[in-house]
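Below: the structure, in structure tokens.
FYI, side chains are in, hydrogens and waters are out, and symmetry mates aren't considered; it's all heavy atoms of this structure.
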Amino acid sequence: MPKSKVVEKQHLPQKTFWHPYSLQSLTPEKFIKVVNLILKGEHILLRFSRGKRPEEEATHLVTPEEELPGMVS
């Protein structure tokens, strides 16, 4: 029987750009941490427009200075 291969984990850089769909899969604790980092400006939330051609979709980055709809009072 062949030996199983041991896979070494590589150190990847910390994720700093977030797609809204990827935030949906986070645990509540991790979601809160990431949203706080986005609000502080340390991480970036990508914004995509619907109904446009794929070349035009990922064009806008949300900055902390922009208004967040209904999330922050």
Side-chain angles (χ1 to χ4, degrees):
M1 198 173 231
K3 292 182 180 179
S4 63
K5 294 182 180 180
V6 177
V7 179
E8 293 181 24
K9 292 185 179 182
Q10 297 178 356
H11 290 297
L12 299 175
Q14 184 180 14
K15 184 174 181 175
T16 57
F17 292 90
W18 293 90
H19 187 281
Y21 291 149
S22 65
L23 293 175
Q24 292 177 351
S25 64
L26 298 177
T27 62
E29 295 82 16
K30 178 71 175 173
F31 176 79
I32 292 169
K33 289 178 185 177
V34 171
V35 169
N36 284 332
L37 290 171
I38 291 171
L39 292 174
K40 289 179 186 176
E42 297 175 16
H43 287 202
I44 297 172
L45 178 64
L46 299 174
R47 184 176 289 177
F48 291 84
S49 300
R50 291 185 176 182
K52 293 189 177 183
R53 291 182 289 175
E55 308 89 47
E56 300 174 353
E57 284 189 15
T59 57
H60 183 70
L61 298 176
V62 177
T63 61
E65 291 80 25
E66 291 181 314
E67 265 186 55
L68 296 176
M71 293 183 76
V72 180
S73 34

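- Interatomic distance, Ile32 CD1 to Leu26 CG, rounded to the nearest 0.5 Å: 11.0 Å.
- Interatomic distance, CG of Asn36 versus CZ of Phe31, reported as 9.5 Å (0.5 Å rounding).
- Between the CG atom in Leu37 and the CG atom in Leu45 there is a gap of 12.5 Å [rounded to 0.5 Å].
- We find the CD1-NZ distance between Ile44 and Lys15 to be 13.0 Å, quoted to the nearest 0.5 Å.
- Screening residues 16-28 for side chain to side chain donor-acceptor pair (under 3.5 Å), with sequence neighbours left out, gives Trp18-His43.
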